[in-house]
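Please read these numbers as outputs of a predicted model, since none were measured by experiment. Proteins get letters first, then strands, A, B, ... in listed order; numbering begins at 1 in each.
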Amino acid sequence: MTDVVQPRIARGLRDLLPEQMIARQKMIETIRRVYELYGFVPLQTPAVEYLDGLLGSAAGDEASKSIFAVVNPDSNNTSERLGLRFDLTVPLARVIASHPELPTPFRRYQVAPVWRADKPGPGRFREFTQFDLDSVGVESEVADTEILAGMCDTLSALDVGPYKVKFSSRAVLDLLLEFAGIEGRRGPDVFRVLDKLPKIGAEKVRKELTTGYVDESGDPIKGLELSTGQVDLIERFLEIRPDDRRQTIAQLRELFAAVDAAAAQIDVVERISNHLYALGYADDRLALDLSIARGLAYYTGPVFEAELLDAPQFGSVFGGGRYDGLVERFLGRKIPATGASMGVDRLLAALDALGRLDHRKSTANVLVTVLDRSLMDDYVAITFALRRAGIAAELYLSDERIGKQLRYADACDIPVSLLLGSDEHAAGKVTLKDMRMGKARAEKVEDRSEWLEERVEQRQVAREDLVDAVAHMLSVIERRTENG
RNA sequence: GCCGGCGUAGCUCAGUGGCUUAGAGCACCUGACUGUGGAUCAGGGGGUCAUGGGUUCGAUUCCCAUCGCCGGUGCCA
């Protein structure tokens, strides 16, 4: 006996089985269609990047902790260390810096896995797929507008139910620092606390901004030691409601009337809002919400976020913003860029929880069953006739009992089964069976002879008409499914 | 990362420091009922009791470590 190896999978990683992959690929295809409609082009980059490129100059130990390092057998030189990418934005910045010949504006989409060695949780894994949409080389707020519109159109196309796309501006938050008399370098700390507002509430945010507190588990939470006067000013900012973009902007202008340069930054936000009104993105699904800060330090202008109103527990399914400084790391000069990233896995988990996910386990629409091995030539011919007519068909590859073959079709959720035995063969016909209708009937029927004899879900058609008949049955099934 | 809880069949869970071969329900497989998924009936397979050490005459059960899962908390560039 040889020793078997345990079929293990590392922490936070998983296999995606056919049932998951079918739903996932359908979703990705829908998103891709939206992005290509916007004229974005595809890009692929390696999973592995140099660690210095991933980390950047400003990154500390904490940042590097969640990067998976990769062993490079070619080199033991520590400056050549490799790691798995943790997002798609940093690789994009590297591509931009190393391909000056690319036409600008360069607008690309990329769907690919990324890796973060974070603690796994529900809907949260260490390998997950991001679907990014970025626009590089344009300073104009029209580029930001387009990203926000793309987020809305994507969520609409995915039929996720009601959603809210929110935006704010890092530049406006910087105005807040000036307004409250807080040093610019403390901005990231302050914003990180403000970002927790929906989670921990105003009371704790206030404490964390000032003296700190001890939470329920006894952990001390360090305060930022702001003065109460500063916190009062911050609270006046947070009181601005996000329900109506025009009103939000008017209140913002009033609050920051005394701040130099405020008017120019608020103008940018207002232009974005007005473009979006003009395009039909009203307040019901697109809000100027000043409380979103995003944890990411590299954002420099507008920031974006989206959540599903029916599944708020899954948090933000889309996030992004303008990052005019990121390419500079690789190029030494600034290139404006803006974009958003969708969490494919999180969105799939949310849709599944909402019961909006299709759980097909097969790509075939027809199962050609094998009743009589001597008719195998016919079965093969029928299967390929369907395939050549563009109908996905699967041939059962052995002649096991018909009951077992139909159970297989049922288990895989193949909507139509095709039967051809000696009776049909003699009559020049085939039997088509609508599996879902049969399943619905099975739930009601009590008596076996009734179950076997009625068979309203199936009918015989002439052998030469079978391709048309299958296409017709599939269209009837599809229409019935759409109508609930 | 830190704190707490949990790991027994594919799933949900019983159970016991020594009666022999560790159980149930569901699921799965085989057969009966015409060549039809369901129901019914008859049968069947499947567990290193998470892994590795330790205590013991004896450990699935007690102890330790590791791994994994769940909850809370931190972090999320």
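Residues of residues 420-428 of chain A having a heavy atom closer than 4.0 Å to RNA chain B, listed by number: A:Gly421, A:Ser422, A:Asp423, A:Glu424.
Proximity of a side-chain donor or acceptor of A:Arg459 to a complementary backbone N or O of A:Lys433 within less than 3.5 Å is not detected.
Side-chain atoms of A:Leu419 lie closest to B:rG35 of the nucleotides B:rG38, B:rG31, B:rG35. Proximity note for A:Leu406 (side chain, C-beta onward) versus B:rU36, B:rG38, B:rC69: the nearest is B:rU36.
Here the separation of B:rG46 from B:rG23, taken at their P atoms, is 13 Å to the nearest Å. Using atom C1' as the reference point in both B:rC33 and B:rC41, the two lie 9 Å apart (nearest Å). A gap of 13 Å separates the C1' atoms of B:rA22 and B:rU48, to the nearest Å. Taking atom C1' on both B:rA59 and B:rC64, the two are 14 Å apart, rounded to the nearest angstrom.
Using a 4.0 Å heavy-atom criterion, one finds that A:Arg407 contacts the sugar-phosphate atoms exclusively. Looking at heavy-atom distances under 4.0 Å, A:Tyr408 makes no contact with the nucleic acid at all. The residue A:Gln458 sits close to a base: some heavy atom pair falls under 4.0 Å. Among the atoms of the strands shown, none is found under 4.0 Å from any heavy atom of A:Lys444. Nucleic acid contact class of A:Leu371 (heavy atoms, under 4.0 Å, all strands): base.
Ring geometry for A:Tyr109 versus A:Phe131: interplanar angle of 30 to 60°, hence tilted.
In RNA chain B, stems built from 3 or more consecutive Watson-Crick or G-U wobble pairs, each with both distances under 3.5 Å, span B:1-7 with B:67-73, B:10-13 with B:23-26, B:28-32 with B:40-44, B:50-54 with B:62-66.
A:Glu307 and A:Gly315 make their closest contact through CB-O, 3.8 Å (heavy atoms, listed as atom of the first residue, atom of the second, distance). Of all non-hydrogen atoms in A:Lys164 and A:Leu286, the two that sit nearest each other are CD-N, 4.4 Å.
For the OP1/OP2 pair of B:rC75 and a distance below 4.0 Å, the side-chain nitrogens and oxygens of A:Arg116 include no atom meeting the criterion.
Remark: A:Arg373 engages A:Asp399 in a salt bridge (charged side-chain N to carboxylate O under 4.0 Å, His left out) (not counting sequence neighbours).
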